[in-house]
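For reference, the structure is listed below as structure tokens.
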Number of protein chains: 2
Amino acid sequence: MARTHGSHSDITGPRIRDAALRLFARHGYAAVSMRQIAAEVGVQAGALYNYIPDKQSLLFELMQGHMSETIAACEARPKASGALARLRDFMGFHIRFHLARPDAVFIAYMELRNLSPENFAVIEGLRQRYESLLESILTEGIHEGTLAPPDPKLATRAVIAMLNGVNTWYREGGRLTLDEVEAIYWDMVRRAVGG
Amino acid sequence: MARTHGSHSDITGPRIRDAALRLFARHGYAAVSMRQIAAEVGVQAGALYNYIPDKQSLLFELMQGHMSETIAACEARPKASGALARLRDFMGFHIRFHLARPDAVFIAYMELRNLSPENFAVIEGLRQRYESLLESILTEGIHEGTLAPPDPKLATRAVIAMLNGVNTWYREGGRLTLDEVEAIYWDMVRRAVGG
DNA sequence: GTCTATATAGTGATAGAC
DNA sequence: GTCTATCACTATATAGAC
């Protein structure tokens with residue numbers, strides 16, 4: 001844990017980000033000090049500044065990295081044929097991808113107000129880009145005649161809000177398996193926006 | 001704004017809570033100092049402690065007050081006959097009540113982790129009590145045969161998550177009136193959990 | 001690349017005058 | 001009931017030794 005003077009670690013950078021991710025998620029960006037992050041990594045606070053220019057940049061890079069990975073992973077999936085199947089796939093992707101990264105998801109939603117205005121604009125743009133991936137499935141479904149949401153924009157927001165909720169309560173070993181949760185949500189979503 | 005020595009205000013207590021509510025919502029509990037709150041009210045920081053024992057109690061009382069008011073207002077409504085009508089009424093109540101208090105709603109969701117363990121337990125209990133008001137509508141609907149959610153517990157969480165989302169994007173004067181938003185969400189919810 | 005030490009500023013909370 | 005002044009800490013960030 002603690003590190004002696006002059007000892008070198010080649011992976012200090014990633015370890016700083018990991019520690020910050022965990023601590024920011026648990027206590028909040030404003031409540032976490034650079035000293036706490038340094039202590040988790042096993043260095044002194046001053047050493048952090050060899051890897052990051054300041055605390056704000058650390059938060060921004062965590063959020064930007066998460067949003068970019070989310071978009072990239074979503075776009076890298078094989079594309080099913082038909083909007084209904086693509087909607088089903090999107091739901092499964094969203095639930096599982098987000099459940100696997102609870103800290104990053106939590107930060108991306110909770111710490112928006114702690115971003116500088118310029119950084120906020122970047123993250124907000126990425127969030128909208130991700131939402132548009134779902135919205136385009138819904139509009140394709142309308143054209144196909146397989147989906148009929150009352151309003152594609154609001155349905156997009158409603159579905160994402162529903163799915164995000166899963167992260168706040170789902171725990172492995174609970175009443176329902178993840179497959180069951182997914183099936184139940186798919187049932188509700190299909191009925192809500194189906195044709 | 002600034003107040004001269006010895007000047008007395010009979011409503012300093014409520015003004016402290018108003019200022020704290022606004023500042024906590026905008027910048028986050030941990031990022032707001034007692035001096036900032038005092039400056040908003042127009043007193044010095046020391047004067048705050050005539051009204052609150054400490055900063056944590058201030059946060060707790062804001063959240064407890066909001067949750068209690070929400071539950072009381074929800075229970076005070078006239079009870080429509082039939083689960084379908086009661087579900088429709090609940091949705092309208094939730095959307096409008098929450099849109100009218102964006103700061104309190106924001107704090108109630110974002111600052112849970114800044115509560116002491118004992119305070120957290122109280123707020124979490126109130127949150128569950130509010131959710132149970134919706135869940136009992138769904139289970140009543142199942143017995144009536146008018147509603148058929150795939151799972152009442154998950155449907156409760158899904159509907160509340162959907163509705164809470166409205167607070168994050170709805171702005172008066174936007175593309176849709178509040179009546180239209182309500183109608184669209186009602187359409188989706190009725191299809192998702194209807195019989 | 002990490003250390004120690006420090007500059008500069010701010011924190012929550014309290015004491016005692018008025 | 002509010003003020004001023006203060007205590008004891010803590011904060012981010014930087015400088016310079018090694």
Side-chain angles (χ1 to χ4, degrees), chain A residues 1-21 23-24 26-63 107 111 113-116 118-119, chain B residues 1-24 26-63 107 111 113-119:
Chain A
M1 191 80 81
R3 185 173 306 276
T4 56
H5 181 100
S7 161
H8 290 233
S9 170
D10 39 354
I11 52 158
T12 304
R15 294 186 65 216
I16 290 172
R17 301 159 93 94
D18 285 354
L21 189 75
L23 288 170
F24 288 168
R26 183 120 44 214
H27 308 290
Y29 170 78
V32 172
S33 70
M34 298 302 275
R35 281 174 178 78
Q36 278 176 272
I37 297 169
E40 277 274 306
V41 175
V43 297
Q44 294 299 315
L48 300 180
Y49 293 89
N50 291 320
Y51 299 91
I52 50 151
D54 51 35
K55 195 186 177 188
Q56 165 72 204
S57 302
L58 181 52
L59 175 63
F60 173 65
E61 283 168 26
L62 289 175
M63 294 176 71
I107 290 172
E111 301 296 356
R113 64 187 162 185
N114 285 311
L115 290 171
S116 69
E118 314 80 49
N119 288 345
Chain B
M1 190 80 80
R3 183 173 308 276
T4 56
H5 182 100
S7 161
H8 290 235
S9 170
D10 40 353
I11 51 158
T12 303
R15 293 185 66 219
I16 289 172
R17 301 159 93 91
D18 286 354
L21 189 75
R22 187 170 51 255
L23 288 170
F24 288 168
R26 184 120 45 214
H27 308 291
Y29 170 78
V32 171
S33 70
M34 298 302 274
R35 283 171 179 79
Q36 276 177 274
I37 297 169
E40 277 274 306
V41 175
V43 298
Q44 293 299 314
L48 300 181
Y49 293 89
N50 292 320
Y51 300 92
I52 50 153
D54 50 34
K55 195 186 178 189
Q56 165 71 203
S57 302
L58 182 52
L59 175 63
F60 173 65
E61 283 168 26
L62 289 175
M63 293 176 73
I107 290 171
E111 302 295 356
R113 65 185 163 188
N114 285 312
L115 290 171
S116 69
E118 313 80 48
N119 288 344

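Throughout, protein chains are lettered first and strands after them, A, B, ... in sequence-line order, and every chain is numbered starting at 1.
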What is the distance from CD1 of Ile16(A) to P of dA13(D), rounded to the nearest Å?
13 Å
Given dT11(C), is OP1 or OP2 found less than 4.0 Å from the side-chain N or O atoms of Ser33(B)?
yes
Whether the side chain of Glu40(A) engages the backbone of Ala19(A) through a donor-acceptor N/O pair (distance < 3.5 Å, no angle test) should be reported.
no
Thr12(B) side chain N/O closer than 4.0 Å to the phosphate oxygens (OP1, OP2) of dG1(D)?
no
Salt-bridge present (Arg113(B), Glu111(A); N to O < 4.0 Å):
yes
Ile52(B) has an atom CD1; how far is it from atom P of dT14(C), in whole Å?
11 Å
Using a cut-off of less than 4.0 Å, is there contact between a side-chain N or O of Tyr51(A) and OP1 or OP2 of dT2(C)?
yes
Check if the side chain of Arg35(B) and the base of dG10(C) share a donor-acceptor pair of N or O atoms closer than 3.5 Å.
no
Residue whose nearest DNA chain D nucleotide is more 5′ - Pro53(A) or Ala45(B)
Ala45(B)
note: Ile37(B), atom CD1; dG10(C), atom P; distance rounded to Å ~ 17 Å
Separation of dA15(C) P from Asn50(B) CG (nearest whole Å)
13 Å
Nearest whole angstrom, please: distance from the P of dG16(D) to the OH of Tyr49(A).
18 Å
I need the CE-P distance between Met34(B) and dC9(D), as an integer number of Å.
20 Å
Check: Tyr29(B) side chain, Ile107(B) main-chain N or O, donor-acceptor pair, under 3.5 Å
no
Could you state the CD-C1' distance from Gln44(B) to dT6(D), rounded to the nearest angstrom?
14 Å
Nearest-nucleotide 5' precedence on DNA chain D, Gln36(A) against Gly46(A):
Gln36(A)
Shortest non-hydrogen pair, Asn114(A) vs Gln56(A), comes out as O-NE2, 2.9 Å
note: Leu48(A), atom CG; dA15(D), atom P; distance rounded to Å ~ 16 Å
Show the nearest heavy-atom pair for residues Ile16(B) and Tyr51(B), with the distance to one decimal.
CD1-CD1, 3.5 Å
